[in-house]
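A short worksheet on the structure shown next.
In what follows, residues are counted from 1 in the order of the sequence shown. When reading the values below, keep in mind they use all heavy atoms of this one structure, side chains included, and skip hydrogens, waters and symmetry mates.
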Amino acid sequence: QVQLVESGGGLVQAGGSLRLSCAASGRTITTYVMGWFRQAPGKEREFVATINWSGSNTGNADFLKGRFTIIRDNAKNTVYLQMNRLKPEDTAVYFCAAAYGSTLYTALDRYSYWGQGTQVTVSS
């Protein structure tokens with residue numbers, strides 16, 4: 001079992017930055033693909049970013065256009081999401097997730113473990 005706890009969310013003005021953290025416990029995450037997803041009110045949860053076990057390969061949702069970066073520190077058992085140039089439409093609850101495997105996954109059903117989420121609100 002892997003327990004995931006997100007932190008770092010909050011209220012920020014458009015154009016600003018936030019860094020989300022996802023701290024894992026229970027098991028080392030070195031054998032897991034990690035991902036970030038988000039869910040806005042009234043919308044389905046959607047893929048944001050994913051990273052392989054070593055951090056050497058990442059994948060981002062097309063709509064991000066390079067604004068977000070996923071990073072992992074296996075020594076700290078933590079994954080981060082650096083979010084820059086935030087827009088009001090980025091407002092959502094952001095979730096961290098872990099998946100078994102060695103490749104990148106964008107589909108929700110590939111991920112076995114989920115955190116409780118952290119709220120990000122971007123004001124215009």
Side-chain angles (χ1 to χ4, degrees):
Q1 287 283 350
V2 176
Q3 292 80 43
L4 304 172
V5 178
E6 302 93 336
S7 62
L11 175 63
V12 63
Q13 288 188 334
S17 298
L18 279 177
R19 192 185 200 194
L20 305 183
S21 298
C22 172
S25 61
R27 285 186 178 180
T28 175
I29 60 170
T30 53
T31 57
Y32 292 90
V33 172
M34 302 298 295
W36 284 97
F37 294 79
R38 70 185 187 183
Q39 188 167 15
K43 295 187 177 182
E44 294 185 350
R45 194 170 299 189
E46 63 180 355
F47 166 74
V48 173
T50 181
I51 189 167
N52 72 338
W53 72 274
S54 67
S56 63
N57 197 14
T58 64
N60 291 342
D62 290 341
F63 61 79
L64 292 177
K65 299 188 185 302
R67 297 185 295 119
F68 294 4
T69 303
I70 185 170
I71 308 161
R72 69 191 296 160
D73 185 339
N74 288 338
K76 296 183 178 179
N77 230 29
T78 301
V79 179
Y80 305 95
L81 185 67
Q82 178 66 44
M83 306 188 296
N84 299 324
R85 304 193 307 276
L86 282 161
K87 304 176 181 180
E89 51 264 43
D90 293 320
T91 295
V93 178
Y94 283 73
F95 297 89
C96 172
Y100 297 107
S102 59
T103 185
L104 301 179
Y105 300 123
T106 63
L108 276 72
D109 61 6
R110 298 293 304 193
Y111 289 83
S112 302
Y113 303 102
W114 292 84
Q116 83 290 346
T118 185
Q119 176 71 46
V120 172
T121 303
V122 184
S123 63
S124 58

Value rounded to 0.5 Å, distance of [atom1] in [X] from [atom2] in [Y]:
X: Leu4; Y: Gln116; atom1: CG; atom2: CD; value: 9.0 Å
X: Arg45; Y: Arg38; atom1: CZ; atom2: CZ; value: 13.0 Å
X: Ile29; Y: Asp73; atom1: CD1; atom2: CG; value: 8.5 Å
X: Ser123; Y: Gln13; atom1: OG; atom2: CD; value: 5.0 Å
X: Phe68; Y: Asn60; atom1: CZ; atom2: CG; value: 9.5 Å
X: Thr58; Y: Ile71; atom1: OG1; atom2: CD1; value: 9.5 Å

Got a donor-acceptor contact below 3.5 angstrom from the [X] side chain to the [Y] backbone?
X: Arg72; Y: Trp53; answer: yes
X: Asn74; Y: Asn77; answer: no
X: Ser56; Y: Ser54; answer: no

Determine, stepwise, if the pair Val79 / Ile70 fulfils side-chain contact (heavy atoms from CB on, under 4.5 Å).
-> CA-CA 7 Å; Val79 179; Ile70 185 170; 3.9 Å; yes
What's the shortest heavy-atom distance between [X] and [Y], and which atoms?
X: Val33; Y: Thr50; value: CG1-OG1, 3.3 Å
X: Trp36; Y: Cys22; value: CZ2-CB, 3.7 Å
X: Ser124; Y: Ala14; value: CA-CB, 4.4 Å
X: Glu44; Y: Gln39; value: C-CG, 4.0 Å
X: Ser21; Y: Thr78; value: CB-CG2, 4.4 Å

Intermediate values then yes/no, side-chain contact (heavy atoms from CB on, under 4.5 Å), Lys65 and Arg85 | CA-CA 10 Å; Lys65 299 188 185 302; Arg85 304 193 307 276; 5.8 Å; no
Taking atom CZ of Arg110 as the centre, report whether more than 12 heavy atoms of other residues, nucleotides or ligands fall under 6.0 Å from it.
-> no
What about [X] and [Y], same hydrophobic cluster or not, with Ile/Leu/Val/Met/Phe/Trp/Tyr joined at side-chain heavy-atom distances under 4.5 Å?
X: Leu108; Y: Phe95; result: yes
X: Tyr80; Y: Leu64; result: no
X: Val2; Y: Met34; result: yes
X: Leu81; Y: Leu11; result: no
X: Val48; Y: Tyr111; result: no

Is Asn84 close to Ser17 at the side-chain level, that is, under 4.5 Å between some pair of heavy atoms?
-> yes
Can you list the residues that meet the ring-ring contact (aromatic ring centres under 6.0 Å, His included) rule with Tyr100, with sequence neighbours excluded?
-> Tyr32
Trp114: ring-ring contact (aromatic ring centres under 6.0 Å, His included) partners, not counting sequence neighbours | Phe37
Identify which one of Val122, Leu86, Thr121, Asp90 satisfies the side-chain contact (heavy atoms from CB on, under 4.5 Å) criterion when paired with Leu18.
-> Leu86
Pair Phe63-Glu89, side-chain contact (heavy atoms from CB on, under 4.5 Å): steps then yes or no | CA-CA 11 Å; Phe63 61 79; Glu89 51 264 43; over 6 Å; no
Dump the intermediate steps for side-chain contact (heavy atoms from CB on, under 4.5 Å) on Glu6 and Leu20, then the final yes or no.
-> CA-CA 7 Å; Glu6 302 93 336; Leu20 305 183; over 6 Å; no
